[in-house]
Number of protein chains: 2
Amino acid sequence: MTTTEIDRSAPEAPAARSISEVAELTGVSAHTLRYYERIGLLDVNRDHAGRRLFSPNDIQRVVFITRLRHTDMPIRQVQRYFALVEAGPETQPERLELLVRHRESVLAQLTDLHAALETIDYKIAIYGGSDTSFA
Amino acid sequence: MTTTEIDRSAPEAPAARSISEVAELTGVSAHTLRYYERIGLLDVNRDHAGRRLFSPNDIQRVVFITRLRHTDMPIRQVQRYFALVEAGPETQPERLELLVRHRESVLAQLTDLHAALETIDYKIAIYGGSDTSFA
DNA sequence: CTAGAGCTTAGAGTGCACTCTAAGTCAAGC
DNA sequence: GCTTGACTTAGAGTGCACTCTAAGCTCTAG
């Protein structure tokens with residue numbers, strides 16, 4: 001309880017990572033990471049030489065952005081979301097609303113995808129798909 | 001069995017439609033329909049004045065294209081698919097393979113979407129989403 | 001001390017899928 | 001006969017989201 005040994009042996013260092021490490025880790029290219037920062041999705045600290053040091057939190061954010069992009073959220077809306085985050089806790093209701101609205105669009109996409117899957121399965125079932133009927 | 005009355009009363013006309021009708025019907029703009037024809041996805045007959053007459057089959061094809069596009073099949077691949085259709089029945093195995101491969105990609109999209117939905121639901125659950133963690 | 005890898009920046013370029021423009025034709029209604 | 005409006009064409013323009021280039025800086029290894 002009074003020793004500091006454990007703290008010393010377990011590094012408290014935030015394990016900041018370089019842009020190329022984050023690129024490899026997340027599958028987002030270094031070019032794109034810089035682009036994301038430029039348009040305000042990220043705000044990454046620098047080392048003494050001006051190089052980006054991605055904190056674990058920055059990396060989590062990149063992953064979250066990627067998830068949102070996978071659901072076709074327009075970059076503009078992602079920008080808006082993180083602008084709200086930067087603006088402080090009083091924007092939480094607005095962020096929530098944005099997410100809830102986006103959730104609807106994801107559900108709609110799921111419906112669309114299932115419909116398309118059925119069509120494709122039908123085509124596959126009738127084999128070559130030489131006709132263009134779909135149901 | 002020997003009368004032709006039913007045939008005469010039920011019109012055999014193919015009910016060809018104008019580009020604007022098809023646009024309204026399918027939700028694909030007239031501009032885009034012309035574009036689709038230009039890049040080889042459609043091959044639409046004309047009336048004596050050179051205007052497009054979309055057959056029911058053409059319209060089905062537009063709907064099918066729309067379904068494929070909704071699953072993010074690149075236009076190039078849609079082009080390839082219909083080029084195979086035009087090329088004749090001997091391309092059926094290749095078409096089938098293309099569809100089966102695309103089916104895989106749709107399943108992957110579904111997995112991605114479900115993952116993103118979970119993330120969004122988690123964010124919504126913790127309310128404002130002020131942190132950027134995702135699980 | 002120098003070569004090279006890897007980073008920095010502002011800004012230009014790319015690819016996709018439309019989307020629109022301009023100039024013209026045609027058929028129907030007044 | 002003329003206007004209106006929907007159609008025709010080739011080709012240019014748009015918006016999105018990256019993706020890359022060029023020129024320069026800095027840390028590390030030999």
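Fair warning: this is a prediction, and the values are worked out from it, not measured in the lab. Every chain is numbered from 1 and lettered A, B, ... according to where its sequence line falls, protein lines coming before strand lines.
- Side-chain contact check for B:R95 versus B:Q92: some heavy-atom pair is nearer than 4.5 Å.
- The side chain of B:R51 lies closest to D:dT8, out of C:dC18, D:dC18, D:dT8.
- Spacing between atom CZ of B:R76 and atom P of C:dA17 amounts to 9 Å, rounded to whole angstrom units.
- Listed pair A:Y36 / D:dC18 meets the phosphate criterion, a side-chain N or O lying under 4.0 Å from OP1 or OP2.
- Protein atom CZ of A:R69 is 10 Å distant from nucleotide atom P of D:dT19, rounded to whole Å.
- Nearest-nucleotide mapping onto DNA chain D: of A:A49 and A:M73, the residue sitting toward the 5' end is A:M73.
- Here the C1' atom of nucleotide C:dC18 and the CD atom of B:Q79 are 13 Å apart, to the nearest Å.
- Taking CG of B:L41 as the reference point, atom CD1 of B:I65 lies at 4.5 Å (rounded to 0.5 Å).
- Rounding to the nearest 0.5 angstrom, the gap separating the CZ atom in B:R17 from the CD1 atom in B:I59 is 5.5 Å.
- Whole-Å rounding puts the B:I19 CD1 to C:dC26 P distance at 18 Å.
- As a whole-Å value, the separation of A:I39 CD1 from D:dC16 C1' is 11 Å.
- Rounded to whole Å, atom P of D:dA17 lies 13 Å from atom CG of B:D72.
- Using a 4.0 Å heavy-atom criterion, one finds that A:S20 contacts the sugar-phosphate atoms exclusively.
- The side-chain tip of A:K123 points at the ring of B:F64 from less than 6.0 angstrom away and within 45° of straight on.
- Among the protein residues, A:R38 comes within range of the nucleic acid bases, having at least one heavy atom under 4.0 Å from a base atom.
- At a threshold of 4.0 angstrom between heavy atoms, the contacts of A:R34 include nucleobase atoms, whether or not backbone atoms are also involved.
- Checking the phosphate oxygens (OP1, OP2) of D:dC7, a side-chain nitrogen or oxygen of B:S18 falls inside 4.0 Å.
- In this model, the phosphate group of D:dT8 is approached by a side-chain N or O of B:R52 to a distance below 4.0 Å at OP1 or OP2.
- C:dC18 atom P lies 11 Å from atom CG of B:L33, rounded to whole Å.
- In terms of phosphate contacts, A:H31 brings no side-chain nitrogen or oxygen within less than 4.0 Å of OP1 or OP2 of D:dA17.
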